[in-house]
Protein chains: 2
Amino acid sequence: MIIKLNTASSTPIYVQLRNQIVMGIGRGDLKIGQGLPTVRQMAEDIGINMMTVTKVYTILKNEGFIEIDRRHGAKIKPTALLTDNFSEKIESELALLITESSLKGIEKEHFLKMCAEMFDRLNISQVAGGNI
Amino acid sequence: MIIKLNTASSTPIYVQLRNQIVMGIGRGDLKIGQGLPTVRQMAEDIGINMMTVTKVYTILKNEGFIEIDRRHGAKIKPTALLTDNFSEKIESELALLITESSLKGIEKEHFLKMCAEMFDRLNISQVAGGNI
DNA sequence: TTATTTGTATTATAAATTATAATACAAATA
DNA sequence: TATTTGTATTATAATTTATAATACAAATAA
């Protein structure tokens, strides 16, 4: 998967990398069970510090999106558990986004259509190397 | 309107204040045409520095949510113009939120229902001091 | 076994961001 | 005229972000 970082952005590099990996899983670029590059390899590939990659992998592990095993490396998990924390995070972020959209004149039906299309574009049920 | 800041949060105070004002407009707590407290008054009310409030008002002005006139102070604008920048911001944030939700097992229909309910809860067409 | 690779930890450093503080000033208002 | 307004400037401190250089035990590969 291709990672593109914007060092001029106000969004920290570690957040950009975290988001792009999550989006990669959602799009199906990163399949369930698939291994991520080692922290050193990823750091070299995208030209950032090893510790920044470690930070991202730790975040993704804590969020339940990947699992890290010393024997098998970092791998994409089948399904992440929905915690109360994450549920609240999603709801508050969505409420803000909807308020902003509405204030900007985006109508309910248009917004719902956008959401539906984005959902249909996802490909998260695939498994690396064929079916289970 | 009541502003609640969490200094323990990792979200900067100026972002918290900006978001709460936007949500206040969306909920109808802050009505169109209504004036915001002066930067000094707001700073005193919520116990933060005057320059931090200035920063927030400037952001809200640049985003088109309020207008600042030396003669009439800061006021909520009727409708904010949807720029390309804001449109892209909303789309990328929504895409990330939908991907995260899907990976956490939230299904499309449930997500759409949440969105619809949040839209219905908004009250942005009200005007301060009666109709126009 | 030995050498290498792995994730992880530690310490140090630098730059950028965030927040406060103390003033200052011109425009507008009372 | 005196006060209030948004805005600007400068300084300072704390926190966050990112890099750098090592180190180490566990696992793997030779």
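Quick note on labels: first sequence line is chain A, next is B, and so on, each numbered from 1.
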Ring-face cation of K104(A) near F86(B) (centre distance under 6.0 Å, axis angle within 45°):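 Flagged: K104(A) positioned over aromatic ring of F86(B).
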
Connected via hydrophobic side-chain network under 4.5 Å: L112(A) and I98(A):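 No, because L112(A) and I98(A) fall into different hydrophobic clusters, even though each may have its own neighbours under 4.5 Å.
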
Any residue meeting salt bridge (charged side-chain N to carboxylate O under 4.0 Å, His left out) with D69(B), in chain and number order, not counting sequence neighbours: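 Salt bridge (charged side-chain N to carboxylate O under 4.0 Å, His left out) check on D69(B) returns R71(B).
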
With sequence neighbours excluded, residues passing salt bridge (charged side-chain N to carboxylate O under 4.0 Å, His left out) with K89(B):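 Partners of K89(B) by the salt bridge (charged side-chain N to carboxylate O under 4.0 Å, His left out) criterion, ordered by chain and then number, come out as E100(A), E93(B).
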
Residues two or more places apart in sequence or in another chain: which of them pass side-chain hydrogen bond (donor to acceptor under 3.5 Å, both in side chains) with [X]?
X: D29(A); value: R27(A)
X: E44(B); value: none
X: K113(A); value: none

Residues, nucleotides or ligands: over 12 heavy atoms within 6.0 Å of D120(A) CG: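 Counting neighbours around CG of D120(A), more than 12 heavy atoms of other residues, nucleotides or ligands fall under 6.0 Å, so yes.
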
Main chain of [Y], side chain of [X]: is a donor-acceptor contact present, judged purely on distance under 3.5 Å?
X: E67(A); Y: K61(A); answer: no
X: Q34(B); Y: K31(B); answer: yes
X: S87(B); Y: T83(B); answer: no
X: S92(A); Y: E88(A); answer: yes

Protein-nucleotide distance (R70(B), atom CZ; dT29(C), atom C1'), rounded to Å: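 One finds 11 Å between C1' of dT29(C) and CZ of R70(B), rounded.
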
Candidate pair N6(B) and Q16(B), rule side chain to side chain contact (heavy atoms under 4.5 Å, CB included), full reasoning: CA-CA 8 Å; N6(B) 179 7; Q16(B) 292 183 48; 3.8 Å; yes

Report, one line per pair, each donor and acceptor closer than 3.5 Å where one atom sits in a side chain of residues 52-60 of chain A; sequence neighbours left out.
residue	atom	partner	partner atom	Å
T54(A)	OG1	M50(A)	O	3.3
Y57(A)	OH	P37(A)	O	2.6
T58(A)	OG1	T54(A)	O	2.8

Interface residues of residues 36-44 of chain B with DNA chain C (non-hydrogen, below 4.0 angstrom):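 Hits under 4.0 Å, by residue number: R40(B).
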
Residues touching DNA chain C, which here means a heavy atom under 4.0 Å, drawn from residues 58-67 of chain A: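 The stretch gives K61(A) as the residues lying under 4.0 Å from the strand, ordered by number.
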
Opening and closing nucleotides of DNA chain D in contact with chain A, under 4.0 Å to non-hydrogen atoms: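 Counting from the 5' end, contacts occupy dT17(D) to dT28(D).
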
Any residue of residues 6-21 of chain B with a heavy atom less than 4.0 Å from an atom of DNA chain D: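 None - not one residue of the stretch has a heavy atom sitting under 4.0 Å from the strand.
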
Dot-bracket encoding of pairs in DNA chain C, which uses [ ] for pseudoknotted crossings and | for another strand, Watson-Crick or G-U under 3.5 angstrom: ||||||||||||||||||||||||||||||

Which residue lies more 5' along DNA chain D, comparing Y57(B) with T52(A) via nearest heavy atoms: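 It is Y57(B) whose nearest nucleotide is closer to the 5' end.
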
All ring pair (Phe, Tyr, Trp, His ring centres under 6.0 Å) counterparts of F111(B), not counting sequence neighbours: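 Counting only residues at least two positions away or on another chain, F111(B) forms a ring pair (Phe, Tyr, Trp, His ring centres under 6.0 Å) with F119(A).
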
